[in-house]
Each structure stands twice: as C-alpha cells, then as structure tokens.
Amino acid sequence: MSRPVSRVLTLLELLQSGGLRTVAELADRLGVGERTVRRYVDHLVDLDVPVESVRGRHGGYRLAPGHRMPPLMLTDDEALAVLLGLVAGRRTGITAAAGTAGETAAAKVRRVLPERLRHRLDAVLDSLTFTTAPAGSAAPEAAVLLPVADAVRHHRPVAIRYTGGRAGRGERTLYPYGLVAHAGRWYVTGRDLSAGAERTFRLDRISGARVLPGTFEPPPGPGPAERVLTALATAPYRHEVTVRVRGTAEELRALLPGSVAIVSAEGNGGEAARATGAETPGETAGAETPGEADGSEAPGEAAEVGAPGQAAGSGAPGEAAGSGAPGEAAGAGAPGEADGAGGEPWCRVEIRAERLDWLPGVLASLDRPFVVERPDELRGLVADLAGRLMAAARHTPQDG
C-alpha cells in the first residue's frame, strides 16, 4: 500500500475514534503538514465519507452522520468484540434483526479482515463452546423495534398489530413505557388504551408498528424491567402456588427470580406485593402475558430456575432436611413458628406454574424452613423428594 493511501486510511481511523480532531493534532499523528491533512480530508470527502469541517480557533475535523456507513477501520480488539457480540446475540436470541442479518454481518466483517487476524479470530470462534442451549428465534423485526423504541424515547403513543393471547389478532394503541430483553425475547410494556390497563407484549408477535401524534407522561413506580418480570410472575398458569418461607423479603428475592415468584412480607402482603409492581387481579388476568400469548411453560421453569432434574439434584440431603422434614414442610407447622415467634421473619411466596415437578428441588435449595399452603399436590411432591434424598443419604455403597 502506498504511503499516501495508508495515511488517508489512518486519518479515517483517527476520525472514527470519535470527537473533534484539530488539524495540528492530525498532522502530528500522520507525520505530515497541515496542508497535506486538508488534502487527505478532500480524498475522504470524494469517497463519500461524511467529514465535517469545524471552523474557528479550536476547529478541526470530525465525522458527521452520513447517508451510508463509511469504511470501518477496526483494531484487533474491536474486530473480536464485534464478532463475539454478533455470535452472542445470535446465540441468546437477542439479535434484533430478521433472518440471517447477524450471520451476513459477521461474514462481511471477517471477509475484510487481514488474513493473519482472520485466522486468529476463527480460532477463537471455532474453539468457543456454550454451557446453555441456543435460544429459539424470537428476534423482532427492525421495522417493529425501531418505531417502538422511538415512541418509548419520545413518549409518543404507538399503534401495533399484535397476534396472540386470548384476544387474538388485532390493532392496539399503546403508551409504551420501555423495552425489555429477557430470556432471549424482547418485550414492550405500557398502557394499552384499547383495554384501559397496563399490558406486556412480545415484540416478535407484533407485525407492524406506527408512531402516532401526541405525547404522554410515563407514570411513577416500577421501571420497565420490573413491570415485565411482574407480568411474567403473575401470568395465569395451571397451578397457583403459595408457600411461606422463613427469611426476609430481600433475601428471598435474591434467591427466587422476579419472573418466577412474588415475595411479600408476612402481615403486609398486599402492600409488599404492590411494591413489586404487581397489577390488581383483574388486570393480571386480562394481560397479554407471555405464557398466555404462546402457551409456553412458565419462564422460570425453562430459563431461570433450570431443568427439574437439575433443581432437584442441587439440594444435598442435608439441605433437604434443613428445609423441613416431610411432615413439617407439607403441614402447617407449629403456630408459634409459622407466626415468626422465633425472631426471624416469614414471607409469603406466590408462584404460578404450568408444572409442579420442578418446585420441590427449588424449595429444598433455599435451605430455609418453609410451609406449603397450596396446592395439596405440591406437599406430596415435597415429601416424596425428601424421602428419596433421605434414602440416598443412608445408602452405603457396596465394596467391589
């Protein structure tokens, strides 16, 4: 590569690092005179690179937004960051692009890399493995994500065409409070003007979005992420579980994901539940919750808590015994103990789930006394797990 061309590309790389660069600074970095710097800038402009000139004592050059992306100059670290970001986004299902846009973008980056760097990055990608299974494809269309994000940022209403839930397909008008990425899916939460209540919608089920005139003021209270987690935890599933667990609300919320359980302190349950952002019962039942929209398992079962076998195996026999003997866990417990007379507080934990088989292992892994209030079927599953763990702990392997 000739030296002038090399310096022009170096100039482009310096400008792409951001900020305003003075002519004197660029001349010093390139090892040329200030007049030559101006000539190099003219070369970039001829190539449709949007270089902006700022006049004045502290003036210089900077890149301005253009009608297309200029040629990118990436360092080794930047190229690795871009490729790993594309791989991770595709793996987790969070890449907000339709079809194979993530794959084609990665291919373009790799194609323009020097051979030395391309081989080194290929070695990283070929040797990389993940501990989790790839997420299903639930990335939203760019034509949906961009207008919804614009409406969120500028507090504008948005009209969406939504498919899913009990209401079927139709157009809704929404005051969007925020976008949330959770467990490989994108959600928008806000007030559905058609229903007159707060709702949570999956973006991959929106087929069109259009920003409307006007503005709104987002209400105070929980942030978008907390609202989405509450909607997931309060979705109408097959089983409604209530368990009382010894410990503070803060401790239990750290152990149980917000998308799985609603934790409230004993004696102040309603107020504590409102603090987590839970809706009133009528609003929750009619919400476009993810489980209702696609008939999937509770998010905590599939993504947060882990497979039932893993959850059940996570508690050692001693832990299961510490969580309460079978009779104690399944029964109501001593009145004084249940009322927190021992000093440490108790909390009420409410969980909605399609299946119950994963819950005994989760409760055992808490390593805290608990009492199952409902359903009766869960008491039997807890007692069965405790019995199997006790039998395994007493078993002595035979020599030979």
Side-chain angles (χ1 to χ4, degrees), residues 229-230 232-234 237-273 275-276 278 297-301 304-393:
L229 291 177
T230 299
L232 294 173
T234 57
Y237 293 110
R238 179 181 178 185
H239 299 283
E240 293 188 0
V241 178
T242 303
V243 182
R244 299 169 70 189
V245 184
R246 174 169 282 177
T248 66
E250 291 74 16
E251 292 170 341
L252 296 180
R253 288 185 186 125
L255 296 172
L256 296 170
S259 60
V260 174
I262 298 296
V263 179
S264 58
E266 285 279 58
N268 200 18
E271 185 174 330
T276 67
E297 297 174 350
E301 294 178 43
E304 296 280 353
V305 177
Q310 180 181 0
S314 61
E319 291 181 327
S323 299
E328 179 185 352
E337 184 180 9
D339 294 335
E344 191 173 2
W346 286 71
C347 287
R348 183 180 301 274
V349 178
E350 296 178 331
I351 300 172
R352 288 171 171 82
E354 283 295 309
R355 305 192 327 268
L356 296 176
D357 55 356
W358 59 279
L359 279 171
V362 173
L363 295 174
S365 68
L366 296 177
D367 196 20
R368 294 169 179 272
F370 63 87
V371 176
V372 176
E373 291 191 349
R374 63 172 179 168
D376 293 339
E377 182 183 352
L378 179 57
R379 296 192 186 100
L381 293 175
V382 170
D384 179 66
L385 174 62
R388 286 187 284 115
L389 291 176
M390 291 287 288

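Because the structure is predicted, anything quoted here is derived from the model rather than measured.
If you take CG on Leu381 and CG on Leu363, they are separated by 10.5 Å, rounding to the nearest 0.5 Å. Note that the CD1 atom of Ile262 and the CG atom of Leu252 stand 13.0 Å from one another [nearest 0.5 Å]. Atom-to-atom distance recorded for Glu250:CD and Thr248:OG1 is 5.0 Å, nearest 0.5 angstrom.
Remark: Thr242 pairs with Arg348, Glu350, Glu373, Arg374 by the side-chain contact (heavy atoms from CB on, under 4.5 Å) rule, at least two apart or across chains.
Minimum heavy-atom separation, Cys347 to Ala249: SG-N, 3.4 Å. A pairwise comparison of heavy atoms in Trp346 and Arg244 identifies CZ3-O, 3.5 Å as the closest pair. Scanning both residues, Glu240 and Pro375, for their nearest heavy atoms gives O-CD, 4.0 Å. Closest heavy-atom contact between Ala261 and Ile351: CB-CG1, 3.8 Å.
A donor-acceptor pair is defined here as one N or O able to donate and one able to accept, closer than 3.5 Å; such a pair exists between the side chain of Arg253 and the backbone of Val263.
Checked against Val245 for a side-chain contact (heavy atoms from CB on, under 4.5 Å), the options Leu366, Leu256, Leu255, Val371 give a single hit: Leu366.
A 4.5 Å side-chain heavy-atom check between Phe370 and Val382 finds at least one atom pair inside the cut-off. The shortest side-chain heavy-atom distance between His239 and Leu378 does not fall under the 4.5 Å cut-off.
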